[in-house]
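Everything on this sheet refers to the single structure shown next.
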Amino acid sequence: MKRPFSNNPAYPTSSATLSHDDEDEDQIMHQVQRGSDELLSQSGAVSNGSVMSPAPNHADNNNDAKKVKLDTKNPGAPSRVIHIRNIPNEVTEAEIVHLGIPFGKVTNVLVLKGKNQAFLEMSDEVCATTMVNYFTNCTAQLRGRAVYVQFSNHKELKTDQTHSNANPSAQAALQAAQALVNQTDTQGGPNTVLRVIVEHMIYPVTLDVLYQIFSRVGKVLKIVTFTKNNTFQALIQYPDVVTAQAAKMTLDGQNIYNACCTLRIEYSKLSNLNVKYNNDKSRDYTNPNLPTGDPALDSALAIGGAPGVLASPFAAMHGLSSPLTAAYGASPTGGMPFTGMPLAGVTPTAAALGAAGIRLPGQASPNCVLLVSNLNEEMVTPDALFTLFGVYGDVQRVKILFNKKDNALVQMSEPHQTQLAISHLDKMKTWGKQIRVTLSKHQTVQLPKEGQPDAGLTKDYCNSPLHRFKKPGSKNYQNIYPPSATLHLSNIPPTVDEEQIKEAFTHAGASVKAFKFFPKDRKMALIQLGSVEEAIGALIKMHNFQLSDSSHLRVSFSKSTI
């Protein structure tokens, strides 16, 4: 989670004025002219207007700096050369260029990575002024780090052509930027098509959801979706390499929903997508007149006009929303690069927290409380419900109703975990009865007041060490399956053999039908029981079962059979 800007030691604040930077740039020019090895020796981790302090020399960057000749006129006046500071060490020339593309033609770039600085030359002062004014009101970001954009004292950025050609990445970034200005909307090319894989797709992801997300980075030309190896995938074409690279850098590894529906992005070998139909599987946004592939629908459209926008796939999902799509939805900036600016109407901190599944103080909390009914009163306990519902999320509190003990409230840590529990446990036979799982009208489970009789029916698990998903992006999210007769066992110590495990499950009331250790990892095994109901009961009893002095068994439902 990002810290609040003012508290982040990487970005110290300062009351110093811009004159410090003016002096510093004059020093840069002077040192370039005399070939000093101390060029740009100030620290990169500074905020706008702060005094720059000496730092160790970086020979590679000093050599880069010697390649540039900066012509200066009228210090302090608007310039087509823009000075960008506090850039991450690993940032590329393409990312720097991409900051400037929405504002006009980019004519040159110089990145001094070890100094955490860059210079960007625009085609004219009007473009540069537009860019500086924009980022004055909206902090620019590169790879999640705030960077500072201001006019340079220098009016032109001249790089030695022989040295400049030795930096292929800078040349490629400038060529791609030039191509972007000159090309048509339907142009393709190498590395303009992205292959997107959606991992752990608990909730449906549609073509329109992908368009909503990826068009926030830049103009999307075409999308084709398909399923391969039981995984939802898509090919997404942008008009240029720079925008495709920005989309890959920005969205790769992001979750569409909290802790699930993870985007994995790589470049496709294709240079252009051939889209034949505009429907829910494929779309060519440069040719809205393509048929849908459904003769009846095509006939209706020919008679009755254009198709409407597809209904939101989130509408019927019990208030479930996506941090990605929610943030992108209200953006007035169209194809502005996501790498360079925070989301419209959403502060960067709020966006980051939302994507991480963290709610800000005062934010409305979606319902995380489940009502579980038709329970077996003789068998149910708070611990049993904690273990069962804990397969699908981190249970915070459980309350069995005092006057209606076949009903209970279960509070999860996140709204999407309640949806997982409902989809997998509702109408599941447990302890001889078909339980019902629905959303509760309550927002939280209240703990009993001090001195109030409760008979142990309410329990707080907020600090339980048994939460499966407490680590952000936990791999356990990738192994969530509906109840099944086969259980996955892990954390088995080497001193425990098959017979001991089978005996423990039999003692817990289960009939063991089959057992199998994993060939390459004897710490894990599969055990097949007589029925799904038996497996549910066995999971409740055997999860965290002590197998040895230092080992407790971990149990979950498996998608496999023996």
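Only heavy atoms go into these numbers, but all of them, side chains included; no hydrogens, no water, no symmetry mates.
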### Message
When you compare the side chain of V369 with that of K441, does any pair of heavy atoms fall below 4.5 Å?
### Response
no
### Task
State, yes or no, whether a side-chain contact exists between I527 and M542 at a heavy-atom distance under 4.5 Å.
no
#### Entry: Pairwise side-chain contact, I223 with Y285, heavy-atom cut-off 4.5 Å (strictly under)
yes
#### Entry: Interatomic spacing from CD1 in I536 to CD1 in I435 - rounded to 0.5 Å
7.0 Å
### Summary
Rounded to the nearest 0.5 Å, the SG atom of C260 sits from the CD1 atom of I480 at a distance of 8.0 Å
### Query
Can you tell me if D406 and N376 form a side-chain donor-acceptor pair at under 3.5 Å?
no
### Message
Nearest 0.5 Å, please: how far is CZ in F226 from OG1 in T231?
### Response
10.0 Å
### Task
Please test H416 against Y257 for side chain to side chain contact (heavy atoms under 4.5 Å, CB included), starting from the C-alpha separation and ending with a verdict.
CA-CA 8 Å; H416 75 273; Y257 298 106; 5.6 Å; no
### Query
Y267 ring centre to K269 NZ or CZ under 6.0 Å, with the angle to the axis within 45°?
no
## Note on the structure
Residue set satisfying ring-ring contact (aromatic ring centres under 6.0 Å, His included) with Y481, at least two apart, ordered chain then number -> none
#### Entry: Audit row: K399, L447, side chain to side chain contact (heavy atoms under 4.5 Å, CB included) steps and yes/no
CA-CA 8 Å; K399 178 189 282 290; L447 294 175; over 6 Å; no
### Donor-acceptor pair, side chain of N255 and main chain of C261, under 3.5 angstrom
no
### Message
Any heavy-atom pair between the side chains of L375 and I400 that's under 4.5 Å?
### Response
no
### Message
Test your reading of the model: is there a side-chain donor-acceptor pair from D426 to the backbone of V437, 3.5 Å cut-off?
### Response
yes
### Query
Is a donor on one side and an acceptor on the other found under 3.5 Å between the side chain of T418 and the backbone of L370?
no
### Query
Tell me, do I96 and L142 make a side-chain contact under 4.5 Å, heavy atoms counted?
yes
### Query
Closest approach of A535 and L529, non-hydrogen atoms and distance?
CA-CD1, 3.7 Å
### Task
Any chance you could lay out the side chain to side chain contact (heavy atoms under 4.5 Å, CB included) test for T458 and R397, step after step, and finish with the verdict?
CA-CA 7 Å; T458 305; R397 293 176 180 174; 5.8 Å; no
### Query
Does any donor atom in the side chain of N274 or K222 lie under 3.5 Å from an acceptor atom in the other side chain?
no
### Query
Run the side chain to side chain contact (heavy atoms under 4.5 Å, CB included) check on N407 and V372 step by step: do they pass?
CA-CA 6 Å; N407 281 244; V372 187; over 6 Å; no
### Polar side chain donor-acceptor pair, N272 to Q237, under 3.5 angstrom
yes
### Query
Going by the angle between their ring planes, with limits at 30° and 60°, are Y238 and F214 parallel, tilted or perpendicular?
tilted
### Query
Are K281 and V224 side-chain neighbours, meaning at least one heavy-atom pair lies under 4.5 Å?
no
### Donor-acceptor pair, side chain of Q417 and main chain of D394, under 3.5 angstrom
yes
Under 3.5 Å, side-chain donor or acceptor atoms of residues 553-562 against the rest of the protein: list the pairs with distances, not counting sequence neighbours.
{"residue": "R554", "atom": "NH1", "partner": "N544", "partner atom": "OD1", "Å": "3.0"}
{"residue": "S558", "atom": "OG", "partner": "S560", "partner atom": "N", "Å": "2.9"}

## Note on the structure
Heavy-atom nearest pair, Q396 first then H467, reads NE2-CE1, 3.8 Å
### Task
Can you run down the side-chain hydrogen bond (donor to acceptor under 3.5 Å, both in side chains) pairs that involve residues 525-542, sequence neighbours left out, and say none if there aren't any?
S511-E534
### Task
Measure across F389 and A421 and return the closest heavy-atom pair with its distance rounded to 0.1 Å.
CD2-CB, 3.8 Å
### Query
When rounded to the nearest 0.5 angstrom, what distance separates CD1 in I501 from CG in L489?
6.0 Å
### Task
Mind jotting down which residue pairs meet the ring pair (Phe, Tyr, Trp, His ring centres under 6.0 Å) criterion with at least one end in residues 421-465? Sequence neighbours excluded, please.
F386-Y461, Y392-H424
### Query
Is there any side-chain hydrogen bond (donor to acceptor under 3.5 Å, both in side chains) pair reaching into residues 489-510, and which pairs are they, with sequence neighbours excluded?
E498-K502
### Query
To the nearest 0.5 Å, how far apart are CD in Q419 and CD in E414?
12.5 Å
### Task
May I ask you to check whether over 12 heavy atoms, not counting those of E378, lie within 6.0 Å of atom CD?
no
### Task
Report yes if the side chains of V532 and M428 come closer than 4.5 Å at any heavy-atom pair, otherwise no.
yes
### Task
Please indicate whether K433 has more than 12 foreign heavy atoms, meaning atoms of other residues, nucleotides or ligands, lying under 6.0 Å from its NZ.
yes
### Query
If you measure from the Lys or Arg side-chain nitrogens to the Asp or Glu carboxylate oxygens, is any gap between R264 and E199 under 4.0 Å?
yes
### Message
Give me the atom names and distance for the closest heavy-atom approach of P493 to S548.
### Response
CG-OG, 3.9 Å
### Query
What heavy-atom pair brings N86 and R145 nearest, and what distance separates the two atoms?
OD1-NH2, 2.8 Å
#### Entry: Interatomic distance, L210 atom CG to I256 atom CD1 [nearest 0.5 angstrom]
5.5 Å
#### Entry: Beyond-backbone contact of R436 with K427, side-chain heavy atoms, under 4.5 angstrom
yes
### Task
Quick one: closest heavy-atom pair of L487 and F505, and the distance?
CD1-CE2, 3.9 Å
#### Entry: More than 12 heavy atoms of other groups within 6.0 Å of D521 CG
yes
### Task
Examine distances only and state if a side-chain atom of T486 and a backbone atom of S484 form a donor-acceptor pair shorter than 3.5 Å.
no
### Task
With sequence neighbours excluded, give me every ring pair (Phe, Tyr, Trp, His ring centres under 6.0 Å) pair touching residues 517-548.
H488-F518, F515-F517
#### Entry: Sidechain-backbone polar pair: D252 side chain, E266 backbone, donor-acceptor under 3.5 Å
no
